[in-house]
Amino acid sequence: MTVQRTVFFVSDRTGITAETLGHSLITQFDGLNFRQVTLPFISSIDKAKAAVDRINHTAREEGVRPVVFSTMVDDGILAVLNEADALVLDFFATFIGPLEQELSLKSSHTAGKAHGVGNEAVYTARIDAMNFALANDDGVTTRNYGQADVVLVGVSRSGKTPTSLYLALQFGVYAANYPLTEEELGTEILPQALLDHRDKLYGLSIDPVRLRQIRSERRPDSRYASEQQVRYELKEAETLFMKYGVPFLNTTHSSIEEIATTVLDQKGLARRFY
């Protein structure tokens with residue numbers, strides 16, 4: 001029987017940091033089903049008390065203490081949160097103190113600096129990269145490939161678009177993507193638009209069973225989603241990659257974060273911001 005525990009991510013801003021760090025920790029514990037609840041913008045004593053009421057209600061209903069991951073810069077709000085009937089783990093409280101001591105400098109205790117528009121240049125770089133990814137998605141145009149940092153190539157539904165967008169949003173990378181069609185795969189020759197930018201190419205592949213599942217959700221009982229078609233396209237695509245020396249990754253068991261980071265690393269791309 002799988003045991004369920006509720007995990008709260010509580011923050012005075014978006015909760016993204018608490019979610020990211022907290023999720024990384026709970027994935028280390030197999031055999032538990034974690035119900036995850038995010039409580040963002042807990043930026044006042046009253047909101048903190050309401051959050052504590054909700055956490056305590058969960059503790060009473062489930063008969064076990066919830067786990068709370070928080071990122072609070074206000075000591076007063078954190079003090080209220082610490083009164084909850086829960087295991088409260090605040091990332092700022094854990095790390096800010098030792099950092100202040102090591103750096104001999106007091107932190108600003110400013111909420112939202114990690115995800116705010118604190119740096120205009122970084123924000124602009126992120127938006128520009130996103131706009132580039134959207135404008136050069138799915139081979140709609142190839143005339144901007146000269147400006148691209150990387151061009152993702154693969155058959156339909158192999159993960160090109162979400163990876164392009166993640167590269168843009170998280171790293172400021174100018175990522176275009178190009179779908180290999182059945183007609184192009186049959187020639188065993190890379191399309192000219194890709195040959196002209198061969199050094200920027202990175203291939204994405206995927207297991208046939210998984211691709212069939214994805215395509216069937218989009219077009220059930222179609223030739224597009226048939227086993228024969230899927231296996232043909234993947235075989236031809238990987239043959240092209242190997243023939244032209246295009247590095248490629250099987251994305252079946254990789255998250256978007258892992259795919260994007262692998263592309264960044266293997267192509268030697270520099271991220272534009274942190």
Side-chain angles (χ1 to χ4, degrees), residues 2 19-20 23-36 130 133-134 136-140 142 148-171 173 175-191 193-194 198 200-267 269:
T2 302
E19 287 177 345
T20 302
H23 187 265
S24 295
L25 292 173
I26 63 177
T27 55
Q28 299 300 312
F29 297 89
D30 298 326
L32 285 176
N33 177 32
F34 291 103
R35 184 177 75 93
Q36 301 176 47
M130 286 289 290
L134 291 169
N136 295 276
D137 180 45
D138 213 27
V140 171
T142 60
D149 296 313
V150 64
V151 180
L152 301 178
V153 187
V155 301
S156 173
R157 315 307 289 180
S158 57
K160 301 182 300 301
T161 294
T163 303
S164 296
L165 293 174
Y166 190 88
L167 283 166
L169 181 64
Q170 293 297 114
F171 306 123
V173 167
N177 72 80
Y178 187 97
L180 293 170
T181 65
E182 183 176 4
E183 293 76 17
E184 291 166 333
L185 291 170
T187 66
E188 296 189 359
I189 299 173
L190 275 177
L194 299 183
R198 186 168 156 185
K200 297 181 179 183
L201 303 184
Y202 193 93
L204 297 184
S205 190
I206 189 171
D207 285 351
V209 173
R210 178 57 181 150
L211 184 57
R212 278 199 70 198
Q213 181 184 35
I214 295 171
R215 287 188 175 185
S216 293
E217 292 172 359
R218 186 178 177 88
R219 297 183 201 167
D221 302 318
S222 65
R223 177 173 175 272
Y224 169 76
S226 68
E227 180 178 1
Q228 181 179 0
Q229 183 65 22
V230 162
R231 290 189 179 278
Y232 166 75
E233 289 185 25
L234 288 171
K235 179 178 178 295
E236 291 297 315
E238 291 187 7
T239 297
L240 270 182
F241 296 154
M242 289 184 283
K243 177 180 178 179
Y244 288 93
V246 176
F248 68 95
L249 172 70
N250 187 305
T251 66
T252 308
H253 302 294
S254 299
S255 66
I256 293 299
E257 294 88 345
E258 290 171 320
I259 299 168
T261 304
T262 299
V263 172
L264 200 73
D265 178 63
Q266 293 191 5
K267 294 298 291 181
L269 301 176

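The first residue of the sequence shown is numbered 1, and numbering continues consecutively from there.
- For the atom pair L169 CG and M130 CE, the distance stands at 5.5 Å (nearest 0.5 Å).
- The side-chain heavy atoms of F34 and H23, taken from C-beta on, include no pair separated by under 4.5 Å.
- With respect to K243 and E238, no salt bridge is recorded, no charged nitrogen being found less than 4.0 Å from a carboxylate O.
- A donor-acceptor contact closer than 3.5 angstrom links the side chains of E184 and T181.
- One N or O on the side chain of R212 and one on the backbone of A225 form a donor-acceptor pair closer than 3.5 Å.
- Between V153 and Y244, the closest side-chain pair of non-hydrogen atoms is not below 4.5 Å.
- Between the side chain of Q170 and the backbone N or O of L167 there is no donor-acceptor pair closer than 3.5 Å.
- In this structure, the side chains of V155 and L211 come closer than 4.5 Å at one or more pairs of heavy atoms.
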*asked:* Test side-chain hydrogen bond (donor to acceptor under 3.5 Å, both in side chains) on N250 and D207; report intermediate values, then the result.
replied: CA-CA 7 Å; N250 187 305; D207 285 351; 2.9 Å; yes
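- In this structure, the side chains of P179 and K160 come closer than 4.5 Å at one or more pairs of heavy atoms.
- With rounding to the nearest 0.5 Å, the separation of OG1 in T252 from CZ in R210 is 8.5 Å.
- With Q28 contributing its side chain and L25 its backbone, the two residues share no donor-acceptor pair below 3.5 Å.
- A donor and an acceptor atom, one from each side chain of E233 and Q229, are located under 3.5 Å apart.
- The side-chain contact (heavy atoms from CB on, under 4.5 Å) test applied to L249 returns Y202, I259, T262, not counting sequence neighbours.
- Proximity of a side-chain donor or acceptor of D149 to a complementary backbone N or O of A175 within less than 3.5 Å is not detected.
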*asked:* Between V150 and Q266, is the side chain to side chain contact (heavy atoms under 4.5 Å, CB included) condition met? List the steps.
replied: CA-CA 11 Å; V150 64; Q266 293 191 5; over 6 Å; no
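- No side-chain heavy atom of E227 sits under 4.5 Å from any side-chain heavy atom of Y232.
- Taking the six-membered ring where tryptophan is involved, the planes of F241 and F248 are tilted, since the angle between them lies from 30° to 60°.
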*Just do the side-chain hydrogen bond (donor to acceptor under 3.5 Å, both in side chains) check on Q228 and S226 with the steps written out, would you?*
CA-CA 5 Å; Q228 181 179 0; S226 68; 5.8 Å; no
